Amino acid sequence: MSNLIVLGAQWGDEGKGKMVDLFSDKFDYVVRYQGGHNAGHTVFIGPTKYVLKLIPSGILRPGVRAVIGNGVVIDPAALLEEIATLEKAGIPVASQLAISNRAHVIFPFHRIVEKMSEARTDRTAIGTTSRGIGPCYEDKIARRGIRIADLIDTDNFRALYANLIADKRTIAEAFGIPFDLDVDALRAQYEEFAERIRPMVADTAILLRDAMNAKKPVLFEGAQGTMLDIDHGTYPFVTSSSAAAGGACTGAGVPPTRIDGIVGVSKAYITRVGGGPFPTEDPTEAGERIRKAGKEFGAVTGRPRRCGWFDVPLLHYTAAVNGFDSLIITKLDVLDEVDEIPVCTAYKINGRVTTEMPATNRELEVIEPVYEMVPGWKSSTRGITSLDALPAAARRYLDVLQERTGVEVGCVSLGPERSETIIVPGSKLEALLR
Ligand code: GDP
Ligand code: IMO
Ligand code: MG
């Protein structure tokens with residue numbers, strides 16, 4: 001059995017939650033390594049819908065240890081609320097969840113800073129989830145952040161908190177912004193959160209080292225997607241963490257040599273929430289039909305997702321950055337009614353044709369996608385459980401994606417439920433899950 005990273009190959013919301021839930025019965029540990037409650041991973045178990053934000057989707061499988069790694073940023077109020085919701089649904093979270101002592105803590109002032117930054121008229125808004133994610137990572141990188149280990153060490157916490165508040169006050173004053181936070185009440189609230197979180201806190205890198213030494217398989221659950229990665233995404237329209245495969249090692253404290261497989265999750269088309277370039281976006285009626293058929297509204301913010309067509313150069317790029325062993329194509333069923341499906345095979349940038357991902361927004365924004373039209377199948381694929389039973393045109397569409405991206409399609413998803421999935425016999429993915 002392998003240690004596997006499952007992550008987003010596009011701009012997030014690819015269906016990672018569904019796939020991680022499906023695979024997690026084969027793993028002893030499921031680990032989140034970056035991001036925070038900006039993620040929204042939807043899992044259906046029968047008719048029951050769960051939306052996981054901070055807690056790994058593996059929590060839904062009895063006996064699986066769910067781990068929040070050091071690379072995650074944690075809003076304790078959001079975490080406790082998510083725990084309460086899951087426990088109400090009968091999931092014994094406290095006994096399954098381990099929280100890294102090195103993960104950083106989000107405070108309400110992080111959200112305030114983000115809102116102010118997004119509202120500025122002299123810069124383009126990123127279109128963030130307003131969860132305080134970016135400003136918390138800013139404090140982490142600036143080496144003034146507060147970690148879970150610091151939060152539960154009361155005397156130390158008071159000193160660090162006083163320093164951090166002094167910092168925020170100085171900045172607010174410098175910009176002439178009123179600083180009217182009740183800092184003592186906030187500190188008392190976080191001290192109370194600390195007591196509730198304390199029993200779940202662990203050195204999760206050691207926990208995972210011991211698990212791996214005991215040959216217990218570990219699944220790493222990416223949040224967001226590679227095109228939202230702080231280094232490799234469409235900067236600055238990205239999130240503030242390392243969503244790509246490398247982030248799993250730094251964000252969980254696991255050596256790269258312990259990773260056996262890397263699997264990319266991609267929709268059969270593409271979506272994006274928030275601002276930023278999107279070469280294959282279709283703002284017409286056709287894009288609207290995809291949004292409707294795919295129920296493309298954000299799991300966290302409810303915002304309509306921007307919809308567009310499968311982008312081969314983008315997938316080629318994210319496959320190179322991550323080293324995908326296999327691709328999972330989700331939501332193929334959403335294309336059931338499309339006559340002819342555009343697939344972008346190259347970019348035309350100021351008259352030049354390329355298949356490489358440009359680094360600047362100036363180039364990204366002027367891309368004219370070069371489309372190949374692939375015939376649709378115009379019939380329902382819901383409930384189909386083998387590749388052979390798919391309409392020939394649907395199989396051809398998958399072949400086009402596989403050939404053009406150069407990565408095997410190891411799995412196809414045809415609906416939100418566990419049963420609505422085909423794992424391709426003889427694929428690398430099938431072997432990795434064995
Ligand atoms: P994540 O953030 O990558 O976990 O993805 P989200 O949960 O935000 O968004 C994916 C949405 O598509 C969810 O509502 C899933 O229930 C749904 N979904 C996942 N796979 C499929 C599929 O193959 N077909 C359809 N129709 N819906 C799917
Ligand atoms: P999952 O894990 C899709 C987007 C936001 C915004 C940008 C920065 O469900 O795939 P942030 O709040 O992170 O600073 O916002 O990133 N974004 C996501 N888009 N899926 C997500 O998570 C996202 N998490 C953040 O919309 O454009
Ligand atoms: Mg999501």
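Just follow the structure's listing: the first ligand is 1, and inside any ligand the first atom is 1. Hydrogens, waters and symmetry mates play no part in the numbers below; they use all other heavy atoms, side chains included. Everything quoted here is computed from the prediction, not taken from an experiment.
Looking only at heavy atoms of the protein, atom 15 (C) of ligand 1 is closest to T42 CB, 4.1 Å. Ranking protein heavy atoms by distance to atom 10 (C) of ligand 1, first place goes to D13 O, 3.8 Å. Of the protein's non-hydrogen atoms, R303 NH2, 2.9 Å is the one closest to atom 26 (O) of ligand 2. Here the protein heavy atom with the shortest distance to atom 8 (C) of ligand 2 is V238 O, 3.4 Å. For atom 12 (O) of ligand 2, the nearest non-hydrogen atom of the protein is T129 OG1, 2.6 Å. Of the protein's heavy atoms, D333 OD2, 2.8 Å lies nearest to atom 26 (N) of ligand 1. Considering only non-hydrogen protein atoms, atom 23 (C) of ligand 2 sits nearest to Q224 CG, 3.6 Å. Annotation: atom 23 (O) of ligand 1 to nearest protein heavy atom, S413 OG, 2.5 Å. Counting protein heavy atoms only, atom 11 (C) of ligand 1 is closest to K331 NZ, 3.6 Å. Atom 16 (O) of ligand 1 has P416 CB, 3.5 Å as its closest protein atom, hydrogens excluded (heavy atom only).
Atoms of ligand 1 lying under 4.0 Å from any heavy atom of L414, numbered from 1 in the order shown and given with element: 23 (O), 24 (N). Atoms of ligand 1 lying under 4.0 Å from any heavy atom of H41, numbered from 1 in the order shown and given with element: 1 (P), 2 (O), 4 (O), 7 (O). Here is the list of ligand 1 atoms found below 4.0 Å of a heavy atom in G415: 20 (N), 21 (C), 22 (C), 23 (O), 24 (N), 25 (C). With ligand atoms numbered from 1 in the order given, ligand 1 contributes 16 (O) to contacts under 4.0 Å with heavy atoms of F44. Near A223, meaning under 4.0 Å from one of its heavy atoms, ligand 2 places the atoms 2 (O).
Checked by distance only, ligand 2 and H41 come closer than 3.5 Å through their nitrogen or oxygen atoms. Checked against a 3.5 angstrom limit, the closest N/O atoms of E114 and ligand 2 fall outside it. At under 3.5 Å, not a single nitrogen or oxygen of T128, backbone or side chain, sits near a nitrogen or oxygen of ligand 2. Checked by distance only, ligand 1 and V334 stay at 3.5 Å or farther apart across all their nitrogen or oxygen atoms. For ligand 1, none of its N or O atoms has an N or O atom of K18 under 3.5 Å away. Checking only distances, T239 does come within under 3.5 Å of ligand 2, N or O to N or O.
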Criterion side-chain contact (heavy atoms from CB on, under 4.5 Å) on E118 and I126, from CA distance to verdict: CA-CA 7 Å; E118 286 284 277; I126 306 291; 3.5 Å; yes
Residue pair K168, D139: steps toward the salt bridge (Lys or Arg N to Asp or Glu O under 4.0 Å) verdict: CA-CA 10 Å; K168 301 293 171 212; D139 280 347; 2.9 Å; yes
Derivation and outcome, side-chain contact (heavy atoms from CB on, under 4.5 Å), residues W377 and L332: CA-CA 11 Å; W377 43 95; L332 187 70; 3.7 Å; yes
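Salt-bridge annotation for K331 and E296: present, with a side-chain N of the basic residue lying under 4.0 Å from a carboxylate O of the acidic one. The pair D203-R102 counts as a salt bridge, with a side-chain nitrogen and a carboxylate oxygen less than 4.0 angstrom apart. The pair R434-E430 counts as a salt bridge, with a side-chain nitrogen and a carboxylate oxygen less than 4.0 angstrom apart.
Of the listed residues (G274, G127, A243), the one carrying the non-hydrogen atom nearest atom 6 (C) of ligand 2 is G127. In the candidate list G40, S57, G17, G222, G40 is nearest to atom 2 (O) of ligand 1, counting heavy atoms. The heavy atom nearest to atom 9 (O) of ligand 1, considering only Q10, E420, Q224, R305, is found in R305. In the candidate list L228, V265, V273, L228 is nearest to atom 18 (C) of ligand 2, counting heavy atoms.
With a 4.0 Å heavy-atom cut-off, ligand 2 is reached by the backbone of D13 and by its side chain too. Contacts between T301 and ligand 2, counted as non-hydrogen atom pairs separated by less than 4.0 Å, are absent for every part of the residue. Residue K16 touches ligand 2 through its side chain alone, judged by heavy-atom distances below 4.0 Å. Heavy atoms of W11 found under 4.0 angstrom from ligand 2 belong exclusively to the backbone. The proximity of R131 to ligand 2, defined as any non-hydrogen pair under 4.0 Å, does not occur for either the backbone or the side chain.
Checked by atom type, the side-chain pair R303/T301 shows a donor-acceptor distance below 3.5 Å.
Ring pair F107/Y190: centre-to-centre distance below 6.0 Å.
Annotation: K378, atom NZ; neighbour count of heavy atoms from other residues, nucleotides and ligands within 6.0 Å is above 12. No more than 12 heavy atoms of other residues, nucleotides or ligands lie within 6.0 Å of CD in E81, so this atom counts as exposed by the packing criterion. E356 CD: 12 or fewer foreign heavy atoms inside a 6.0 Å radius.
Of the candidates L228, T124, T128, F237 forms a side-chain contact (heavy atoms from CB on, under 4.5 Å) with just one, namely T124.
The atom of D13 nearest to the Mg ion (ligand 3) is OD1, with the search restricted to N, O or S atoms.
Taking 2.8 Å as the threshold, G298 does not count as a candidate ligand of the Mg ion (ligand 3), since none of its N, O or S atoms lies below it.
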